[in-house]
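Each remark here refers to the structure printed beneath this line.
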Amino acid sequence: MSPTAPRSAANIPRPVPQDALHAYENGTVSIHCSGWPPEQALPTYPALEGNIETDVVVIGAGLAGASVSLHLAELGVATVTLEAKQPADGASGRNAGHVQPFLDVLEPLQTWPDQGKRLINALVENRNIVYDLCRTHGIDGDASPDGLLEAAFKPAAALEKKAACWRAFGYDVQPVDADQIQKMLGTERYRWGIHWKEGGRVNPYLFTNGMVAAAARLGARVYGDSPVMACEKDGQRWRVTTPNGIVMARRIVVCTSGHAGNTFFPQLAQTQYPLVACGLATRPLPDALLETLNPSRVVFTQYPAGLYPLVIDGRKRLVTATIPGSGKAGDAETYFAYLLRFLHRTFPQTRAFTLELESYWTGVTASSSHVYHEDYAKYYRVDDNVFALMNLGTWGNVMGPLLGQSLARALAAGRPEECVLPLEAPKPVRLPSIFEFKVRRLMIPAARLVDYLGLA
Ligand SMILES: Cc1cc2nc3c(=O)[nH]c(=O)nc-3n(C[C@H](O)[C@H](O)[C@H](O)COP(=O)(O)OP(=O)(O)OC[C@H]3O[C@@H](n4cnc5c(N)ncnc54)[C@H](O)[C@@H]3O)c2cc1C
């Protein structure tokens, strides 16, 4: 897939105006701060005007809603998609671009009715779903299956166990030594790692928009700037109200991630642990540096603390994401300085070049667990003929398309219980802010200190 058009100007306010600080803290800065939208804006979808009817209304056009809409439309189900802003304005247009086609831990699945077998089978079978959807629907998502590398200072039993488990499922995943890592990444800092030959990267903004455009081509009616304000039962149907129009529908699928600020189905707003994360993209790197910096273009994460997951995208930029300290989410310069220090230490060749920050942004993840890597997505049965696909955590690029496809197929067949995850009643989590507290105040500061002191 070809890279997106270059952006010309850095879009980082310096210093960040006081009144914008809360938007960085809430992960609601303009999507145009994100490094993923192309310079030439994509076509927008008009707001809903007047009254229409459909079978299914999908609320929200992030990775989840885009996939549900696309797969419903593909199956010939009359679908209307309502997005409060424009597609990928939420977390989906702000993520780090990693396509991770495996789960980090399987133990919590043991408590599921089927021990998670349907989910695992679906993931194994559809592990290339991002690339397959791009190919099938002609989506130019700068998607590249260059694999992933988890690099560590010494062999780690937990990583070996994970690799062995997924190898048994048929994945091409191998341990690599210091020499191999040096050849792939261009650093001598890591002694051992796990190389996943599947997975890789995607531009999540373009990919999400591509799914929505494909849904529209297949007959879904898509409306932007149409925030849903109310969903009310009207006989056998639902009346879904937006500022300038109403949709009468038999079924509703809610894909609003954290569901913040929504008054309809308020129980959904309490089902998750939100966490603010920030993303950074450099200006395109010089070709001379790219010869030795990650020449394999593999997606690179560090084990155990993945402070600076790194992607080199089709525009030759380094893209990363990290977790900002409490109250410091607007501090682009600090996080860029941290990144530079890490790069200079890990890739000494970067010291000879001037690296510049092109974009800095924040977004919010919604997780079903306050334990990292146990944040499995959820399907909810919210009301009569009302379903939700939420809480994709940090795995939305694969889980959004995969679970959206499964839900769409089950709805098209009229058998929603046949989804790959159980349909649950929305349940409020206890202490929703505990995850954010743990990560932003304890884990990340400790990991940064260890990194700063060079202890790991
Ligand atoms: C910084 C960062 C880095 C990340 N890195 C990765 C990564 O590398 N790989 C990965 O797989 N995942 C990553 N994630 C997670 C991933 O981005 C999310 O899991 C995913 O985007 C969630 O998709 P979604 O469709 O559920 O939510 P969203 O993309 O947030 O979509 C929800 C949509 O609902 C809309 N909406 C809300 N209320 C209404 C309403 N009333 N009416 C109509 N529309 C409404 C919103 O406007 C929004 O567009 C990252 C997330 C962040 C923030």
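Whatever order the structure lists ligands and atoms in, that order sets their numbers, starting from 1.
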Has ligand 1 got any nitrogen or oxygen that is less than 3.5 angstrom from a nitrogen or oxygen of [X]?
X	answer
Ala61	no
Gln86	no
Ala91	yes
Ala277	no
Ala64	yes

Counting from 1, what ligand 1 atoms have a heavy atom of [X] closer than 4.0 Å?
X	result
Pro227	42 (N)
Gly97	8 (O)
Phe264	41 (N)

Please examine the side chains of Glu374 and Val105, heavy atoms only from C-beta on, and report whether any two atoms are closer than 4.5 Å. yes
Val420 side chain near Leu403 side chain, heavy-atom distance below 4.5 Å: yes
For the side-chain contact (heavy atoms from CB on, under 4.5 Å) test, which of Val382, Val240, Val57 pairs with Cys231? Val240
Return the closest protein heavy atom for [atom] as residue, atom name and distance.
atom	result
atom 48 (C) of ligand 1	Glu83 OE1, 3.6 Å
atom 4 (C) of ligand 1	Asn95 CB, 3.1 Å
atom 52 (C) of ligand 1	Thr365 CG2, 3.8 Å
atom 22 (C) of ligand 1	Leu392 CD1, 3.8 Å
atom 10 (C) of ligand 1	Thr394 O, 3.1 Å
atom 29 (O) of ligand 1	Ser92 OG, 2.5 Å
atom 27 (O) of ligand 1	Ser257 CB, 3.2 Å
atom 9 (N) of ligand 1	His98 O, 3.0 Å

Any heavy atom of Cys255 closer to ligand 1 than 4.0 angstrom? yes
Would you call Trp361 a ligand 1 contact, heavy-atom distance under 4.0 Å? no
Check the angle between the aromatic planes of [X] and [Y] and answer parallel, tilted or perpendicular using the 30° and 60° thresholds.
X	Y	answer
His370	Tyr273	perpendicular
Tyr376	Trp112	perpendicular
Tyr360	Tyr335	parallel

Just let me know how [X] lines up against ligand 1, side chain, backbone, both or neither, with a heavy-atom cut-off below 4.0 Å.
X	answer
Thr256	both
Leu389	neither
Arg94	backbone
Val364	backbone

With respect to [atom], which of [options] exhibits the smallest heavy-atom separation?
atom	options	value
atom 18 (C) of ligand 1	Pro401, Ala230, Gly393, Gly400	Gly393
atom 41 (N) of ligand 1	Val58, Asn262, Val99, Thr263	Asn262
atom 5 (N) of ligand 1	Gly60, Ala96, Ala88	Ala96

Classify the side-chain pair [X]/[Y] by whether it contains a donor and acceptor separated by less than 3.5 Å.
X	Y	answer
Asp225	Gln86	yes
Ser144	Asp142	no
Asn391	Asp375	no
Ser226	Thr242	no

Got a salt bridge between Glu25 and Arg440, using NZ or NE/NH1/NH2 to carboxylate O under 4.0 Å? yes
May I have the step-by-step check of ring-ring contact (aromatic ring centres under 6.0 Å, His included) for Tyr171 and Trp166, ending in yes or no? CA-CA 6 Å; Tyr171 281 52; Trp166 290 92; 5.1 Å; yes
Evaluate the side-chain contact (heavy atoms from CB on, under 4.5 Å) criterion for residues Trp395 and Gln100: first the C-alpha distance (whole Å), next the side-chain angles of each, then the deciding distance (0.1 Å), finally the verdict. CA-CA 7 Å; Trp395 296 341; Gln100 180 183 314; 3.9 Å; yes
Verdict with reasoning, Phe300 to Trp196, per ring-ring contact (aromatic ring centres under 6.0 Å, His included): CA-CA 10 Å; Phe300 160 47; Trp196 302 82; over 10 Å; no
Determine, step by step, whether Tyr223 and Tyr45 satisfy the ring-ring contact (aromatic ring centres under 6.0 Å, His included) criterion, reporting the C-alpha distance in whole Å, the side-chain angles of both residues, the deciding distance to 0.1 Å, and the verdict. CA-CA 5 Å; Tyr223 298 95; Tyr45 295 87; 9.0 Å; no
